[in-house]
**Q** 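Handing you a structure now.
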Amino acid sequence: MRNRELKRIACCIIVFALGVTSFSGCGNRNSSSVGDSAVSKSGEVDKEHVFKQKDLEGIIADGEDIVSADYVNGKIMLAANSKDGKGRCISFNPDGTQLQAFDTGCDITACAFDGEGNAYLQCLDKSSGEDKVFLGKFDPTGKELFKADVSEEFSGNSEISGLAWSEKYGLVSCTPNGIQTYDDKNGFGMLVDKKVIGDYDDYGIIYSFIMLSGDRLLMIYHEGTDESNVIIDLEKKTADKALSGISDTLRYSFFTDKAGNLFALWTDGVYKYDPDSGEKNKLLDFRASNIDSATEYVGGNKWQAVALSDTDFIIDLPVGSGDDTSLLRFTKENPDEVSDKTTITLGTMWLEPDVQSEVMKFNRSNDKYEIEVIDYSKLYSDDEQEEARKQLDMDIISGKAPDIINVDGNVKKYVDKGIFLDLTPEFDKGGALEGIELLPNIAEMMKYDGKMYTFMPSFKVATCAVRAKFAKGKGSLTYKELDDLIKSNGTDYEKAFGSNHNKSYGNLLMPHYADKCIDWNEKKCDFKNPEFIEFLNFINKFPDKASGHSNLAEIDKSYAEDKGIYYRELFSNLNEYARLKQLVFNDDIELVGYPNNSRENIASINGELYAVNSNTAHKDIALEFVKELILSDKDDSYSGFSTVKQKFEEELQEATKEKSDDDESAQLWDQINHVMVKMKPLSQEEVSKFYDYTVSINSLDCMNNEITNIIAEEASAFYCGQKTAEEVADIIQNRVTVYINENS
């Protein structure tokens with residue numbers, strides 16, 4: 001009896017720990033007095049660190065990654081690889097003119113340029129059927145000056161981890177033996193033995209290999225499982241741990257100017273760094289300069305840059321939320337000439353990168369107004385995010401809200417208090433948003449009491465896919481039909497929904513089911529209905545503890561073998577739809593939503609909600625930005641579909657077109673075989689079916705965090721056998737009713 005009781009208590013602890021989670025999205029928080037309005041604390045522009053941005057278009061091709069960058073004799077020198085391993089060397093003037101390039105015929109794994117603009121390359125050549133490693137030298141026109149096979153040079157570990165050019169020592173390389181020189185007549189010569197430096201080849205990863213002033217090398221690498229860095233003095237043949245004042249060098253991208261001075265690129269801008277003293281001085285501020293805020297993803301020494309001077313940089317930076325980058329030139333502006341602008345505030349707990357990019361575009365193009373993002377999550381520490389949400393909620397209710405609000409709460413509560421601007425007339429003739437036709441179901445979701453108070457720039461479709469033969473023409477599957485499929489395919493609940501799922505999986509699905517039980521307009525709920533009871537019984541069939549971690553390849557393989565039944569997906573584009581159909585299932589699929597007994601296709605629209613403050617003093621400018629945001633081109637990789645009917649239809653039609661072999665948008669990742677596969681164009685019937693399915697969804701993924709936690713907390717008693725599903729539902733009913741009455 002004692003052992004059984006201990007087991008039951010342990011079960012409850014596990015389920016509760018895994019089950020009570022916080023969900024982002026539209027969950028609201030109780031308001032409390034937590035301080036002054038964040039809007040009143042918004043800061044002024046840092047004019048001392050403002051740089052002007054210029055896009056250097058047409059230099060880097062779509063899908064190319066820059067391997068190396070340098071500044072030689074007034075020319076920018078780049079080495080880049082395409083996704084299929086075709087390397088190019090590129091040179092151009094800093095203003096983007098006099099572009100020259102040549103193909104290397106191989107995948108460039110390391111590169112250095114000498115004082116005359118010659119390129120020294122380590123190349124990986126697979127044309128012979130086996131990996132061959134070559135060192136080669138090319139003049140600026142692409143003429144090959146030498147090429148040497150070094151595949152067998154270092155006893156089975158032939159790859160050189162870094163190349164640099166020294167006016168004194170010539171070509172300097174980081175080899176498995178140490179820091180060595182190389183020339184085509186004498187081969188490799190030792191400069192600094194590896195024993196002096198450390199075990200930098202444990203993982204074959206050198207993050208930075210940069211020549212500094214005074215014939216010194218900065219090297220950032222892995223030493224065992226830890227990051228390490230040294231400055232190597234080639235003359236003294238010493239290697240000292242050197243970079244102080246920077247806690248995590250892997251979060252920075254380092255680069256130099258022609259004199260060997262060191263610069264550090266981080267998420268907020270560019271710093272000049274003195275490796276001897278550890279001092280770093282900020283030169284360029286991304287936010288003050290309205291540079292694309294996707295720069296928050298820079299780091300890991302991935303992004304290439306060169307310094308023409310302390311006030312002039314060329315940097316390859318990420319754009320939006322996808323994998324795209326742009327080659328940009330940044331030139332410092334005279335602080336006295338940086339104009340003062342009227343500030344329009346945008347409050348949020350977290351902003352989509354594509355929306356951040358639109359903010360920056362607006363700011364760069366407008367001479368009189370500037371949108372300032374107030375990220376409430378950054379006003380507090382990581383363990384005080386609840387306070388951040390309360391601050392946002394209080395600012396909204398107290399009338400001190402930002403001009404534009406990324407809504408993270410009970411929208412109707414704010415609407416009833418007259419806080420949000422009615423956008424309905426703005427979509428009519430003569431309104432600021434005239435001519436914009438939203439998808440009908442999404443337009444309806446934005447309405448409260450028949451008026452539109454919110455808008456959604458982009459969206460994703462949250463649903464489940466199954467093999468069409470399992471659906472048998474039905475729009476959804478019942479719990480009994482799911483049971484039968486699991487038994488007939490010899491699988492279980494954990495594997496049927498992918499892998500590594502236990503009872504806490506129910507909390508991921510909870511918003512889709514609990515949303516059906518709440519009527520915010522009528523301020524009431526019903527959790528004692530048979531459908532919710534069946535949902536609790538459904539989740540109880542998952543194991544208490546998952547069997548273990550499965551990688552993505554194993555998960556996809558389980559679906560290919562019919563051990564996986566339901567593929568839960570958040571569709572942000574049609575590439576994933578095509579991947580499921582063409583690679584994972586290799587069969588017709590049906591979007592059936594989540595299982596239930598009502599034959600309802602339980603799916604939802606997922607997206608960020610925004611509203612305009614009805615008391616804004618800058619209504620016209622705020623609406624101007626709203627229009628640009630709604631009509632902006634969406635990044636088809638991550639940000640989702642456009643909510644504008646015409647643009648959504650155009651996005652779907654793109655999937656029916658035959659794409660070229662080197663078009664990244666047509667490449668699908670085969671997780672089982674670890675290769676890229678070209679996507680087959682979808683048929684008109686397929687895209688029409690997806691369109692019809694999308695516009696049929698009438699549920700917004702906007703579940704309240706507090707309510708989700710209440711349900712998860714109480715449901716654990718049922719999962720652990722302490723209470724029946726009916727008893728738990730009754731408690732949930734009472735607690736949620738109290739919450740609704742207190743927060744409506």
Side-chain angles (χ1 to χ4, degrees), residues 37-57 94-96 265-272 281-296 298 305 307-315 317 319-320 326-348 351 353-375 378-379 400-406 432 610 612-613 615-632:
S37 165
V39 176
S40 65
K41 300 177 182 178
S42 55
E44 297 180 355
V45 174
D46 179 6
K47 294 184 179 182
E48 292 297 325
H49 302 113
V50 174
F51 278 59
K52 188 178 297 182
Q53 169 184 323
K54 177 186 177 182
D55 290 10
L56 298 175
E57 298 179 348
D95 62 0
L265 171 66
W266 197 51
T267 58
D268 66 343
V270 174
Y271 295 80
K272 191 170 187 180
N281 296 310
K282 195 170 198 177
L283 301 176
L284 160 60
D285 186 287
F286 285 144
R287 180 172 177 177
S289 305
N290 292 306
I291 309 305
D292 194 312
S293 350
T295 51
E296 65 185 82
V298 304
L308 310 180
S309 67
D310 286 6
T311 60
D312 201 352
F313 308 112
I314 289 179
I315 310 175
L317 284 179
V319 177
S326 283
L327 193 63
L328 306 168
R329 183 174 182 178
F330 300 105
T331 308
K332 183 177 175 64
E333 292 196 56
N334 184 336
D336 296 332
E337 296 177 0
V338 176
S339 60
D340 292 314
K341 298 180 181 181
T342 300
T343 299
I344 312 295
T345 53
L346 190 161
T348 183
L351 208 59
D354 279 352
V355 177
Q356 296 181 42
S357 296
E358 288 302 317
V359 168
M360 300 305 176
K361 288 179 186 177
F362 180 91
N363 291 348
R364 289 197 299 269
S365 63
N366 199 300
D367 294 331
K368 296 181 179 179
Y369 296 91
E370 180 171 82
I371 294 174
E372 179 179 354
V373 175
I374 301 176
D375 188 338
K378 294 181 180 178
L379 302 179
K400 301 175 183 178
D403 298 291
I404 303 170
I405 305 163
N406 182 194
Y610 294 83
V612 177
N613 189 338
N615 292 319
T616 178
H618 310 290
K619 174 184 170 182
D620 292 344
I621 303 303
L623 290 174
E624 180 184 330
F625 174 71
V626 169
K627 183 175 183 178
E628 291 185 13
L629 189 57
I630 293 176
L631 293 177
S632 64

**Q** Starting at CG of Asp268, measure out to CG of Leu284 and round the result to the nearest 0.5 Å.
**A**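 Rounded to the nearest 0.5 Å, the CG-CG separation comes to 9.0 Å.
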**Q** Applying side-chain contact (heavy atoms from CB on, under 4.5 Å), name anything that partners Val373, two or more places apart in sequence or on another chain.
**A**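 For Val373 the side-chain contact (heavy atoms from CB on, under 4.5 Å) partners, ignoring immediate neighbours, are Thr348, Leu351, Val359.
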**Q** Measure the CD1-CD1 distance between Ile405 and Ile374 for me, rounded to the nearest 0.5 Å.
**A**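 Ile405 atom CD1 to Ile374 atom CD1 measures 10.5 Å (nearest 0.5 Å).
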**Q** Phe313 versus Leu283: any side-chain heavy-atom pair under 4.5 Å?
**A**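 Sidechains of Leu283 and Phe313: in contact.
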**Q** With no hydrogens and no angle check, is any side-chain donor or acceptor of Asn281 less than 3.5 Å from a backbone partner on Lys272?
**A**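 No; judged by distance alone, with no hydrogens or angles, the pair does not exist.
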**Q** Considering residues at least two apart in sequence or located in another chain, which fulfil the salt bridge (charged side-chain N to carboxylate O under 4.0 Å, His left out) criterion with Lys47?
**A**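 For Lys47, the residues satisfying salt bridge (charged side-chain N to carboxylate O under 4.0 Å, His left out) (neighbours in sequence not counted) are Asp340.
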**Q** Please find the pair of heavy atoms, one from Ser289 and one from Val50, that lie closest to each other, and give the distance.
**A**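 So the minimum-distance heavy-atom pair works out to OG-CA, 3.3 Å.
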**Q** Give me the atom names and distance for the closest heavy-atom approach of Asp403 to Thr343.
**A**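 Shortest heavy-atom separation between Asp403 and Thr343 comes out as OD2-O, 4.2 Å.
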**Q** What distance separates Tyr369 OH from Phe625 CZ, expressed to the nearest 0.5 Å?
**A**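 Taking OH in Tyr369 and CZ in Phe625, the distance rounds to 15.5 Å.
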**Q** Output all residues satisfying side chain to side chain donor-acceptor pair (under 3.5 Å) with Lys332, sequence neighbours left out; order by chain, then residue number.
**A**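 For Lys332, no residue satisfies side chain to side chain donor-acceptor pair (under 3.5 Å) once neighbours in sequence are set aside.
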**Q** Are Gln53 and Ile291 packed together at the side-chain level, in the sense that at least one heavy-atom pair is separated by less than 4.5 angstrom?
**A**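 In short, these two side chains touch, coming nearer than 4.5 Å.
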**Q** Can you check whether Pro94 reaches Arg329 side chain to side chain, under 4.5 Å on heavy atoms?
**A**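 Yes - at least one pair of side-chain heavy atoms lies under 4.5 Å apart.
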**Q** Only counting residues at least two apart or in another chain, list the ones meeting side chain to side chain donor-acceptor pair (under 3.5 Å) with Thr311.
**A**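 Counting only residues at least two positions away or on another chain, Thr311 forms a side chain to side chain donor-acceptor pair (under 3.5 Å) with Ser309.
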**Q** Hey, what do you get for CD (Glu358) to CD1 (Ile630), rounding to the nearest 0.5 Å?
**A**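 Glu358 atom CD to Ile630 atom CD1 measures 11.5 Å (nearest 0.5 Å).
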**Q** Provide the closest heavy-atom pair for Phe51 versus Asp310 in the form atom of the first, atom of the second, distance.
**A**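 Closest approach of Phe51 to Asp310, heavy atoms only: CZ-O, 4.0 Å.
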**Q** Does any N or O in the side chain of Lys341 come within less than 3.5 Å of the main-chain N or O of Asn363, such that one atom is a donor and the other an acceptor?
**A**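 Yes: the side chain of Lys341 pairs with the backbone of Asn363.
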**Q** Measure the OG1-NE2 distance between Thr616 and His618 for me, rounded to the nearest 0.5 Å.
**A**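 So the gap between those two atoms works out to 6.0 Å.
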**Q** Considering non-hydrogen atoms only, spot the tightest contact between Asp46 and His49 and give its length.
**A**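 Minimum heavy-atom separation between Asp46 and His49: OD2-ND1, 2.6 Å.
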**Q** Has Lys54 got a side-chain atom pairing as donor or acceptor with Asp95's backbone, closer than 3.5 angstrom?
**A**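 Yes; judged by distance alone, with no hydrogens or angles, the pair exists.
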**Q** Sequence neighbours excluded, which residues qualify as side chain to side chain donor-acceptor pair (under 3.5 Å) partners of Glu624?
**A**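 Counting only residues at least two positions away or on another chain, Glu624 forms no side chain to side chain donor-acceptor pair (under 3.5 Å).
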**Q** Go through the structure and list residues passing side-chain contact (heavy atoms from CB on, under 4.5 Å) with Lys52, not counting sequence neighbours.
**A**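 Expected list: Glu333.
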**Q** Going by heavy atoms in the side chains, are Ile315 and Val270 under 4.5 Å from each other?
**A**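 Yes, side chains in contact.
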**Q** Mark yes or no for whether Asp312, through its side chain, and Thr331, through its backbone, hold a donor-acceptor pair below 3.5 Å.
**A**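 Not at all, since once roles are kept as given, no pair shorter than 3.5 Å links the two residues.
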**Q** Quick one: does any side-chain atom of Ser365 pair with a main-chain N or O of Phe362 as donor and acceptor, under 3.5 Å?
**A**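 Checking the backbone N and O of Phe362 against the side chain of Ser365, a donor-acceptor pair under 3.5 Å is found.
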**Q** What's the separation between atom CG in Leu317 and atom CG in Asp55, rounded to the nearest 0.5 Å?
**A**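 If we round to the nearest 0.5 Å, Leu317:CG and Asp55:CG are 10.5 Å apart.
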